[in-house]
2 protein chains.
Amino acid sequence: MARKRFDDSSCSVARALNEVGDWWSLLVVLHAMYGTRRFVDFQQELGIARNILCDRLARLVDNQVLKKVDVGEHGSRFEYRLTEKGRDLFPIVIALRQWGDKWNPAPDQEPLDLRDRLTGRTIRPMEVQDADGKPLTVRDVFVPEGETATEDRLPGNRNKAG
Amino acid sequence: MARKRFDDSSCSVARALNEVGDWWSLLVVLHAMYGTRRFVDFQQELGIARNILCDRLARLVDNQVLKKVDVGEHGSRFEYRLTEKGRDLFPIVIALRQWGDKWNPAPDQEPLDLRDRLTGRTIRPMEVQDADGKPLTVRDVFVPEGETATEDRLPGNRNKAG
DNA sequence: GAATAAGGTTGCTTAAAGAAACCAGATTAG
DNA sequence: CTAATCTGGTTTCTTTAAGCAACCTTATTC
């Protein structure tokens with residue numbers, strides 16, 4: 001497969017994808033948000049090959065998305081917990097989930113109804129917002145100095161792989 | 001590689017990742033948002049192998065994230081444009097970008113400064129919000145009926161690969 | 001009318017994903 | 001106190017996809 005790595009890329013999206021942009025990493029993070037913490041539980045819930053899970057967990061720990069915590073008195077019992085960096089993937093996971101629910105709804109499953117614990121009210125759809133909270137589309141937006149946005153565009157750097 | 005597909009998965013995150021969860025697809029979408037529309041431009045900007053680009057574009061068209069438009073009078077000149085479904089990935093791309101800027105800032109690059117065209121003001125960080133726009137973390141949130149949220153958890157279905 | 005550009009396709013090589021077996025240290029069951 | 005089991009892996013092998021480069025066809029340009 002010879003997958004490319006973009007550690008050096010000047011594009012932050014490429015750098016983000018480098019850490020959580022493969023098939024399994026984000027699903028591992030998702031399940032960590034669901035509460036999963038143990039190797040075997042990830043393995044069973046995800047149906048992932050054990051060697052691949054090892055690799056993904058190690059990489060997520062390396063990238064400080066998860067931390068490996070030794071529970072159990074004499075070692076040999078570990079938990080993988082989200083770090084702040086990992087928890088900060090929450091908006092991405094939710095945005096993905098809402099996108100999936102909206103555009104590929106499962107016939108037998110109602111969409112995610114996630115609620116605020118305090119008020120009990122449903123969360124709102126993720127959206128890009130201006131400073132006042134007004135929703136913005138890709139067409140409403142531009143990058144200062146020089147480049148300007150036109151229809152369906154979002155100007156950014158034009159470097160390779162970014 | 002024998003990558004798994006999750007078309008049948010009951011998890012909408014897995015279904016979303018099925019469409020845009022590989023290395024290249026989301027970068028293609030990102031560049032489409034940057035304004036790229038032509039095969040050769042994607043190829044050069046991304047540095048992607050041409051057969052892989054073919055495959056990804058075809059899949060994105062199949063999944064109705066992009067549409068292939070025949071421009072040029074006698075055929076043989078095409079553009080790939082975002083559909084509404086594709087444009088709807090905007091929050092995901094921005095969330096990824098902000099996460100990358102926050103946690104893996106490039107030393108030589110200032111973070112994305114995306115602005116509202118009308119007001120000229122910088123967009124706000126993506127966040128999960130309650131109905132009133134109050135920001136919520138993974139700990140502030142629960143799923144109704146039965147399951148409840150505890151620290152670092154986000155309850156959801158416990159199905160395989162979900 | 002030859003050269004170049006656009007948009008691919010084909011064939012080969014390399015590397016990663018998947019499956020299953022194996023393994024060692026801790027815990028529990030009998 | 002020994003055997004079975006659980007946990008968290010590692011190893012080996014096979015399959016499949018990514019990367020590369022060459023090639024190909026249909027416009028358009030020179």
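Just so we're clear, the structure is a prediction, and the values are computed from it rather than from any experiment. Proteins come first, then strands; the chains are lettered A, B, ... in the order of their sequence lines, and each starts at number 1.
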**Prompt:** Salt-bridged, A:Arg115 to B:Asp130, with N to O below 4.0 Å?
**Reply:** no
**Prompt:** Are side-chain N/O atoms of B:Gln129 and A:Gln129 paired as donor and acceptor at under 3.5 Å?
**Reply:** yes
**Request:** Specify the separation, in whole Å, of atom CG of B:Leu53 and atom P of C:dG8.
**Result:** 8 Å
**Asked** How close or far is atom C1' of D:dG19 from atom CG of B:Asp22, stated in whole angstroms?
**Response** 15 Å
**Request:** Looking only at side-chain atoms of B:Phe78, point me to the closest of D:dG9, C:dG7, D:dA18.
**Result:** C:dG7
**Atom pair CG/OG1 of B:Leu60 and B:Thr83 - distance to nearest 0.5 Å** = 9.5 Å
**Gap between atoms CH2 and P, on B:Trp23 and D:dT16 respectively (whole Å)** = 23 Å
**Asked** Nearest-Å distance, CZ (A:Arg56) to P (D:dT10)?
**Response** 14 Å
**Message:** Tell me every residue that passes side-chain hydrogen bond (donor to acceptor under 3.5 Å, both in side chains) with B:Asp88, counting only those two or more places apart in sequence or in another chain.
**Reply:** A:Lys102, A:Trp103
**Prompt:** A:Leu27 CG to C:dA17 C1': how many Å, rounded?
**Reply:** 15 Å
**Prompt:** Given C:dG18, is OP1 or OP2 found less than 4.0 Å from the side-chain N or O atoms of A:Trp24?
**Reply:** yes
Do any N or O atoms of the protein come closer than 3.5 Å to N or O atoms of nucleotides 11-13 of chain D, and which pairs are they?
none

**Prompt:** Are B:Thr36 and B:Asp41 linked by a side-chain donor-acceptor pair shorter than 3.5 Å?
**Reply:** no
**Item:** Distance, rounded to the nearest Å, where B:Phe42 contributes CZ and C:dA6 contributes C1'
**Value:** 14 Å
**Prompt:** Taking CG from A:Asp55 and P from C:dA19, how many angstroms apart are they, rounded to a whole number?
**Reply:** 16 Å
Might you list the N or O atoms of the protein lying below 3.5 Å from N or O atoms in nucleotides 25-29 of chain C, with each pair's distance?
from	atom 1	to	atom 2	distance (Å)
C:dT27	OP1	A:His74	ND1	3.2
C:dT27	OP2	A:His74	ND1	3.0

**Prompt:** On DNA chain C, nearest-nucleotide positions of A:Ile52 versus B:Asp41: which is more 5'?
**Reply:** B:Asp41
**Fill in**
By side-chain hydrogen bond (donor to acceptor under 3.5 Å, both in side chains), B:Glu19 pairs with (sequence neighbours left out) A:Asn104, B:Lys85
**Prompt:** Which whole-number value in Å describes the distance from A:Leu57 CG to D:dT7 P?
**Reply:** 15 Å
**Request:** List in chain and number order the residues that pass side-chain hydrogen bond (donor to acceptor under 3.5 Å, both in side chains) with B:Asp101, two or more places apart in sequence or in another chain; answer none if no residue qualifies.
**Result:** A:Ser12
**Request:** Compare the minimum distances between each of D:dA18, D:dG8, C:dG18 and the side chain of A:Phe39, then state the nucleotide with the smallest one.
**Result:** D:dG8
**Message:** Check this one for me: any side-chain N or O of B:Lys68 less than 4.0 Å away from OP1 or OP2 of C:dA6?
**Reply:** no
**Residue B:Val40, side-chain atoms from C-beta onward, closest of D:dG8, C:dG7, C:dG8** = C:dG7
**Asked** Under a 4.0 Å N-O cut-off, is there an ion pair linking B:Asp22 with B:Arg56?
**Response** yes
**Request:** Could you identify which residues cluster with A:Val71, counting Ile, Leu, Val, Met, Phe, Trp and Tyr as linked when any side-chain heavy atoms lie under 4.5 Å apart, either directly or through a chain of such contacts?
**Result:** A:Val69
**Message:** I want to check one thing: is the phosphate of D:dG9, taken as OP1 and OP2, less than 4.0 Å away from some side-chain N or O of A:Tyr80?
**Reply:** yes
**Request:** Identify which nucleotide among C:dG7, C:dG8, C:dA17 has an atom closest to any side-chain atom of B:Arg38, counting heavy atoms from C-beta outward.
**Result:** C:dG7
**Message:** Are B:Leu53 and B:Trp24 connected into the same hydrophobic cluster when the rule is that any two of I, L, V, M, F, W, Y join if their side-chain heavy atoms are below 4.5 Å apart?
**Reply:** yes
